[in-house]
Each structure stands twice: as C-alpha cells, then as structure tokens.
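Data first, discussion second: the structure below is written as structure tokens.
Just so we're clear, the structure is a prediction, and the values are computed from it rather than from any experiment. In what follows, every chain begins at residue 1, and chains take the letters A, B, ... in the order their sequences are listed.
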Amino acid sequence: MENAYLGAQAVQWFIEIQHRLSKRVILRNLSDEYINLIGGMDVTYLNDFALGVFVVLDRNLNLVSVYYSEKRVTFPYIPGLLAFRELPVLLDCFFQAKKQGQVPDIVFLDGQGIAHPRRLGVASHFGILVNLPTIGVAKKRLYGVCKNAPSLGTPEPLFDRNGDVLGYCYVPKPRTSPLYISPGHLCNPESALKITTKMFRGYKLPEPIRLAHHYTQRLRLEKLKRQE
DNA sequence: GCGACAG
DNA sequence: ATCTTGTCGC
C-alpha cells in the first residue's frame with residue numbers, strides 16, 4: 001500500500017500554498033566568483049520509501065561529502081506538486097549537512113525552479129525554505145515554451161505566456177536530449193545558466209546532480225539487497 | 001472535451 | 001521515478 005489519493009480540494013490547498021510561497025522567490029544576479037561549496041540533491045524511490053542524497057562538492061567539482069535520508073512516502077506524484085513529495089528527505093539531508101557546518105553557497109536540484117505553472121518548482125520551494133541560492137535542472141519540460149529547438153551548446157530561452165524568460169533549454173552533449181535549467185531562488189535565469197554551464201565534466205548532467213543521482217542509485221541497491 | 005504532465 | 005537485455009560505439 002503506497003500513497004493515498006489526494007482529493008481535488010486537497011490539491012487546491014497545496015496549489016494555494018505554492019501561490020503564496022512563490023511571492024517570496026527572489027530573482028537577482030548571482031556572481032559565481034564567491035561560490036566555493038556546491039550542493040547537489042536527488043531522490044529515488046523503493047517501494048513506499050523515498051531515498052534522498054545531498055552531495056557537497058568543492059569549486060573544482062570534487063566530492064567533499066555525502067548525506068543520506070530515508071523516509072516513508074506520504075504524498076503521491078502529481079505534476080506540479082513534486083516538492084511536497086520530495087521535500088521531507090531533501091530537508092533531512094540538508095540539515096544533517098548544516099549540523100556539520102557544511103552549508104554550500106548554492107544548491108542544484110533535479111527538477112524545475114521557476115519553470116513551473118506557479119513559478120515554484122522543487123528548486124524554488126527548497127531555496128525559500130533554506131534561504132539559499134538554488135538552481136533547478138530538469139530532464140523534461142514541465143512548463144514554458146521555446147521559440148526554437150535547441151542545438152548543441154546553444155541555450156534557448158524558455159518563455160512563459162507573458163514572454164518572460166523562465167530559464168533555458170540546453171543541450172550539453174552531442175546526441176542527448178535537452179536539459180531545462182531555471183533559477184530556483186536568489187539568482188536569475190542568466191546567472192543560473194552561466195553557473196550551470198560551468199558544472200559539466202563531459203556528461204549529460206552537471207556534476208552536482210550527476211553525483212547525487214549516482215549515490216541515490218547506490219543507496220537504492222544497498223537497501224534492495226539489505227531487504228532480501 | 002482534448003492534450004500535457006518535473007520525479 | 002521504476003519495470004528491464006542486448007547492443008552499437010568509443
């Protein structure tokens with residue numbers, strides 16, 4: 001028995017929370033020169049458990065430390081409400097790191113930032129809660145449209161219905177599908193793109209997220225093996 | 001009413 | 001996200 005169905009009125013309640021929180025999102029230029037510690041987060045699932053990982057890298061993209069968290073999933077996956085499903089483990093990982101004095105200068109999350117119907121994807125929501133700059137890097141589109149199809153290394157702006165730029169669609173490597181990069185909190189689309197562009201090491205995903213995903217899968221295999 | 005739809 | 005094998009290529 002996994003997660004329960006969410007009634008239509010409950011959904012509206014969570015959507016209203018997002019409308020209120022999105023007003024607190026701050027978009028501003030963020031220079032990368034003072035970024036020395038970088039965080040990356042990812043979540044995977046096993047039965048009714050969410051397994052979260054928070055990796056910390058130095059400015060040369062080398063791994064500094066890894067934090068883990070496991071919690072029973074209570075919220076169903078609903079496009080647009082992903083944060084409510086993943087936030088419990090993400091926050092748990094983050095506060096473990098904080099207790100060790102390892103608070104990064106910026107955090108990358110697997111999912112959208114403001115490229116979201118209410119401008120509050122998981123990266124924005126998390127950024128508001130911990131008051132840190134965040135960037136969302138998603139492997140699929142949720143909201144917003146591009147004028148042209150992106151080609152290798154050429155970012156295509158992602159617009160909302162008013163013509164505002166929400167983020168960028170970007171192809172980091174030949175023969176791979178595009179990524180959707182958008183600011184979460186305390187940075188703007190341009191800064192998010194510029195900073196993210198410096199996080200690649202030849203793979204499709206930027207290092208903070210690639211490593212977080214790597215450890216998240218390893219944790220999953222261990223738990224799977226540990227259960228049989 | 002018909003699609004679209006992060007992880 | 002997860003369920004899943006081989007296969008083409010560097």
Side-chain angles (χ1 to χ4, degrees), chain A residues 1-3 5-6 8 11-12 14-15 18 21-22 25 40-54 68-93 107-128 134-146 158-161 166-170 173-185 189 192 196 201-206 208-210 212-225 227-228:
Chain A
M1 46 189 93
E2 201 176 304
N3 38 61
Y5 168 74
L6 216 52
V11 168
Q12 289 310 309
F14 287 106
I15 286 178
Q18 292 184 321
L21 284 179
S22 68
V25 170
M41 314 195 86
D42 188 32
V43 178
T44 190
Y45 299 90
L46 178 53
N47 299 322
D48 55 346
F49 278 90
L51 315 179
V53 163
F54 179 35
Y68 305 91
S69 177
E70 296 185 13
K71 286 181 183 295
R72 218 170 266 282
V73 179
T74 59
F75 205 95
Y77 170 68
I78 300 173
L81 299 183
L82 177 66
F84 295 103
R85 181 172 167 84
E86 305 200 329
L87 239 24
V89 282
L90 293 181
L91 290 171
D92 186 27
C93 287
V107 180
F108 284 82
L109 289 100
D110 196 335
Q112 315 290 349
I114 64 170
H116 176 280
R118 284 146 325 260
R119 290 172 159 262
L120 197 82
V122 63
S124 298
H125 199 147
F126 180 82
I128 288 291
T134 57
I135 294 175
V137 179
K139 296 178 291 298
K140 291 181 179 177
R141 187 197 72 90
L142 171 65
Y143 183 77
V145 293
C146 287
L158 189 62
F159 300 98
D160 69 5
R161 65 171 69 191
L166 295 171
Y168 293 88
C169 189
Y170 181 72
K173 183 184 181 186
R175 298 182 58 185
T176 59
S177 51
L179 297 176
Y180 295 82
I181 302 167
S182 63
H185 186 46
T196 302
R201 274 197 168 174
Y203 296 93
K204 173 179 179 176
L205 296 174
I209 289 178
R210 189 182 71 84
H213 187 260
H214 171 80
Y215 286 104
T216 222
Q217 292 304 310
R218 198 169 74 69
L219 180 59
R220 185 174 195 281
L221 286 179
E222 286 178 357
K223 187 176 178 66
L224 192 59
K225 201 166 189 177
Q227 286 181 337
E228 57 186 40

Roughly, in whole Å, what's the span from CD1 in Ile209(A) to C1' in dA1(C)?
15 Å
With pairs defined as Watson-Crick or G-U wobble and both distances under 3.5 angstrom, please note down DNA chain B as a dot-bracket string, | for pairing with another strand.
.......
Tell me yes or no: between the side chains of Lys204(A) and Ser177(A), is some donor less than 3.5 Å from an acceptor?
yes
Does Phe14(A) have its ring centroid less than 6.0 Å away from the ring centroid of Phe75(A)?
yes
Distance below 4.0 Å between Arg141(A) side-chain N/O and dA6(B) OP1 or OP2:
no
Output the rounded distance in Å from OH (Tyr143(A)) to P (dG3(B)).
21 Å
Are OP1 or OP2 of dC3(C) and a side-chain N or O of Arg220(A) less than 4.0 angstrom apart?
yes
Determine: side-chain N/O of Lys139(A) to OP1/OP2 of dA6(B), distance under 4.0 Å, yes or no.
no
Please determine whether a side-chain nitrogen or oxygen atom of Thr44(A) lies at a distance below 4.0 Å from atom OP1 or OP2 of dG7(B).
no
Rounded to whole Å, CZ of Arg118(A) lies from P of dC5(B) at a distance of 15 Å
Length of the line joining Tyr45(A):OH and dA1(C):C1', which is rounded to integer Å
7 Å
Whole-Å distance separating the CD atom of Glu86(A) from the P atom of dA1(C)
10 Å
Given Met41(A), which partner from the list Leu109(A), Val89(A), Thr134(A), Asp110(A) fulfils the side-chain contact (heavy atoms from CB on, under 4.5 Å) test?
Leu109(A)
Given atom OH of Tyr77(A) and atom C1' of dC3(C), what is their separation to the nearest angstrom?
17 Å
For the CZ atom on Arg161(A), are there more than 12 heavy atoms of other groups (residues, nucleotides or ligands in this structure) within a distance under 6.0 Å?
no
Euclidean distance, Ser124(A) OG relative to Arg118(A) CZ, rounded to 0.5 Å:
12.0 Å
Give me, pair by pair, the N or O atoms of the protein and of nucleotides 6-10 of chain C that are less than 3.5 Å apart, along with how far apart they are.
none

Within this structure, what is the OG1-NE2 distance for the pair Thr216(A) and His213(A), rounded to the nearest 0.5 Å?
7.0 Å
OP1 or OP2 of dA1(C) less than 4.0 angstrom from a side-chain nitrogen or oxygen of Lys140(A), does that happen here?
no
Distance (rounded to the nearest 0.5 Å) between Leu166(A) CG and Arg119(A) CZ:
5.5 Å
NE2 of His125(A) to CG of Leu81(A), rounded to nearest 0.5 Å, is 10.5 Å
Quick check on dC5(B): is either OP1 or OP2 less than 4.0 Å from any side-chain nitrogen or oxygen of Gln112(A)?
no
Whole angstroms only, please: what is the CG-P distance between Leu166(A) and dA6(B)?
16 Å
For a quick check of understanding: with a heavy-atom distance under 4.0 Å over all strands, which category does Gly80(A) fall into, base, sugar-phosphate or nothing?
base
Which part of the nucleic acid, if any, lies within contact of Leu81(A), taking any heavy atom under 4.0 Å across all strands shown: a base, the sugar-phosphate backbone alone, or nothing?
base
How far does CG of Leu82(A) sit from CG of Leu142(A), to the nearest 0.5 angstrom?
9.0 Å
Please list, chain by chain and in numerical order, all residues satisfying salt bridge (Lys or Arg N to Asp or Glu O under 4.0 Å) with Arg210(A), sequence neighbours excluded.
Glu207(A)
May I have the distance from Asp48(A) (atom CG) to dT2(C) (atom P), rounded to whole angstrom?
15 Å
Would you tell me if any nitrogen or oxygen in the side chain of Tyr180(A) comes within less than 4.0 Å of OP1 or OP2 on dA6(B)?
no
